[in-house]
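Let me begin by presenting the structure, written as C-alpha cells, before commenting on it.
Computed from heavy atoms alone, side chains included, the values below leave out hydrogens, waters and symmetry copies. A quick note: this is a predicted structure, and the numbers were derived from the prediction, not measured.
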Amino acid sequence: MATASSVSGSASTGDYRRRLGTFSLLMVGLSSIIGSGWLFGSWKAAKVAGPAALFAWIIGAGIMILIGLSYMELGSTFPKSGGMVRYAQYSHGSLVGYMGGWSNWIAIVSVIPIEAEASIQYMSSWKWHWAKGLYDGKELHPMGLALAAVLVVVYFLLNYWTVRLYALANNFIMIVKFTVPALTVIGLIASGFHGGNFVHHGGFAPYGWAAVLSAIATSGVVFAYNGFQSPINLAGEARNPGRSVPIALIGALVVAALVYVGLQTAFIGAVPGHLLGHGWSGIDFNSPFADLAMAWNLNWLAVTLYADAFVSPSGTGMTYTASTARMIQGMKENGYFPKILGYVHPKYGIPQPAMWFNLAVSFVFLFTFRGWGSLAEVISVATVISYVTGPVSAMVLRRTCPDLPRPARAPALKVVAPAGFMFASLLLFWSKWPLTGEVIGIMALGLPIYAYYGWRQGIAAWGPHLRAGIWLVAYLAWMALLSALGSAKFGGHDVIPYGVDMAVVAVTSLGFYAWGVRSGWAGPSREVAGESAVGETDLASVG
C-alpha cells in the first residue's frame, strides 16, 4: 500500500488535470441529480405517499443541503479526486475510513447500471413488439439486459481517454435535461391537469405523513439528490475548488429541487381519474411520464420522452463512471485496494484500471438487480449510510487540523454537523425494516477486504483504528435494532410506538455523533503540496 511520500506528485498515481471550471462542475452536479430519478421518481413517490409526495422532494432537498454543507467544507479543504471516500480516513483512520468509503462506493458504482436499466425500461413502452419484450413490469429480460450492458460500455468509453470529452458531452446533455422536464411540466399541466387529484382519492396524504418520510428514503428522492457528491469527487480536477465546489453543490441541489417539485406537481395532476380506482398505490407504469403523455394524446411529448430516456440517464451514467473511478483511486490511496487500481495515465490523466474494475462491478449489479425499483431502494439506503461520516469528519478535522485553509467553511458547523448526522440517521430509519438491516448487512460484506489489508500491515497497527472506529460499528448495529423494534409504519415490529421511535432515533443519534467526534484523532498525516491536503496514508503510517 502506498504511503504519503510515494504518491505525492506522481503522474502515474495522482496527477489529475485541473480542467473543470465552476460551470462545468455545476453541470456535473445537475447531470448526476437529474438522471433516471426524474423519469421514475415522481411515480414511485406518488405510489408511496400520494399527492403529499410533493413534500418529500422539498424536505429531501433541505436534508441534502444540510448534510451537503459538511461535505462542501471537506471538498474545498481537501480537493482530492474521489474525496468522498477519503475524509473519514483523515479524521478517524482506517476502520471508519474503510466503512465510509465502502458504503459510498457501493452506493455510487451501482448507479451506473441503474441508469442503463432506466433507459431500457422506457424502451419497453415503444409500440413495436420486440420492445415490449425487453421488460415484464418487474425486471429486464435477456435482450433488455444486453442492451443495458451496451449502454454501460458507452458510458465507459466516453470517460476512458479524457475528462474534457466527458465534460463537453455533459454540458450538451444538460441542455436537453433542462428542456425536456420543462416541456413535460408545461405539456401535462396544459393538457391534462386536474386539481381534484390533490384532494380526492384518499385526500392529500392518503397514507399518512409517515409515508412521506419513507418516500424520501426509498422512492427515489435520496437516490436522485445523491448526485451532489459528484462535484466533490471531481474536486481534484477543478481549477478553483474553493469557489467551484460550494457553487456546484448547493446550486445543483436548489435547481434540481425546483425541477423535481414541478415534475411531481404535473404528474399528480395528470394521472387520469380512472387509474386511481385502487388509490395512488395502485398506479402502475413502465414509462411513467411517457405513458401519461400518451394518455393525453401528447404524441410529440411521448416521443421526446422516449428519446430523453436515453439522454438523461446516460448523462448521469457518464458522470458516475467518472466519479466512481476517482473513488476507487482514493480508496487505493487509503490502503484498501491493489496499487494498480491507483494508476493514473500520465498522458490522459484518467484512472483507467479503476474504470475497468468499476465496469466489471457494474455488470455484477446489472445482472443481479434487473429492475430500476429494486436497485434504487438498495442504492438509497447505502447512500444514507455513507452520509453519517461526513458531518463527524468535518467537526473532527476542525479540531485536529485547525490551520488548514478552508476556502468554503460551513456556517455554524457546531449546529449544522450534528443536525446533518441526526437527519441522516432518521433517513436510515425511514427506509423501513427489513431493508435497513439487509443493506447494513451488505455493508458488512466488505469487512473481509479491510481485514486482509490490515493483516498485511500487522495486528499491532490496528489498535488506534479500532478504538477510533468502534462507535460506527455500534451505531450501525443500534440503527438496525431500532429499525426492527420501531413502529409498523416504518416496517418494524411495533415494540416502540410511532412518534416515539423517531424521537429515540433523533436523541440517540446525537449521542453517537458526540462519541464519533470524541473518537477522532490526529494520527492521519498531513502534507501541503500546492494545496492544503491530508497526506495519503496506509494503515502503518497512521498507526
Side-chain angles (χ1 to χ4, degrees), residues 67 69-71 73-74 77-78 83-104 330-331 334-336 384-404 406 410 413-426 428 440 443-444 446-447 450-451 453-454 457-482 505-526 534-543:
I67 294 171
L69 287 172
S70 295
Y71 285 107
E73 176 170 314
L74 292 168
T77 305
F78 310 107
M84 293 289 290
V85 301
R86 299 172 185 250
Y87 308 135
Q89 174 88 7
Y90 298 159
S91 62
H92 289 79
S94 67
L95 178 56
V96 176
Y98 178 81
M99 293 180 69
W102 177 263
S103 61
N104 193 268
M331 291 182 72
N334 283 346
Y336 310 136
V384 172
I385 293 174
S386 72
Y387 288 157
V388 300
T389 60
V392 176
S393 294
M395 184 58 69
V396 169
L397 290 166
R398 284 249 185 125
R399 169 169 55 84
T400 59
C401 300
D403 299 327
L404 283 179
R406 287 170 167 80
L413 187 65
K414 290 184 178 180
V415 176
V416 167
F421 187 93
M422 181 184 70
F423 278 107
S425 302
L426 286 168
L428 182 57
I440 288 173
M443 296 303 102
L447 289 177
Y450 170 76
Y453 281 101
Q457 290 297 318
I459 299 299
W462 270 358
H465 302 271
L466 296 176
R467 288 193 297 271
I470 191 65
W471 70 271
L472 183 56
V473 177
Y475 166 79
L476 292 175
W478 176 248
M479 289 302 301
L481 178 63
L482 283 184
V505 171
V507 172
T508 57
S509 69
L510 294 177
F512 279 103
Y513 168 82
W515 184 6
V517 170
R518 287 197 303 270
S519 297
W521 59 312
S525 65
R526 160 183 165 188
V534 172
E536 315 301 349
T537 58
D538 63 15
L539 287 171
S541 64
V542 300

Give me the atom names and distance for the closest heavy-atom approach of [X] to [Y].
X      : Y      : answer
Ala417 : Pro391 : O-CB, 3.2 Å
Ala424 : Val388 : CB-CG1, 4.0 Å
Ser386 : Gly100 : CB-O, 4.3 Å
Leu413 : Pro418 : O-CD, 3.7 Å
Leu69  : Ala410 : O-CB, 3.5 Å

Within the 4.5 Å heavy-atom criterion, are [X] and [Y] side-chain neighbours or not?
X      : Y      : result
Thr400 : Trp521 : no
Leu404 : Phe78  : yes
Met422 : Tyr513 : no
Ile440 : Ile385 : yes
Met395 : Lys414 : yes
Glu73  : Leu397 : no

Got a donor-acceptor contact below 3.5 angstrom from the [X] side chain to the [Y] backbone?
X      : Y      : value
Tyr387 : Phe423 : no
His92  : Gly516 : yes
Arg406 : Leu74  : no

Nearest 0.5 Å, what's the OG-CZ distance between Ser70 and Arg398?
9.0 Å

Do Ser393 and Ser91 have side-chain atoms, one donor and one acceptor, less than 3.5 Å apart?
yes

Please determine, by modelled atom types, if Thr389 and Tyr87 share a side-chain donor-acceptor pair under 3.5 angstrom.
no

Mind listing the side-chain donor-acceptor pairs of residues 466-478 below 3.5 Å, one per line with the distance, residues two or more places apart or on another chain?
residue, atom, partner, partner atom, Å
Trp471, NE1, Ala468, O, 3.1
Tyr475, OH, Ser425, OG, 2.7
Trp478, NE1, Thr508, OG1, 3.1

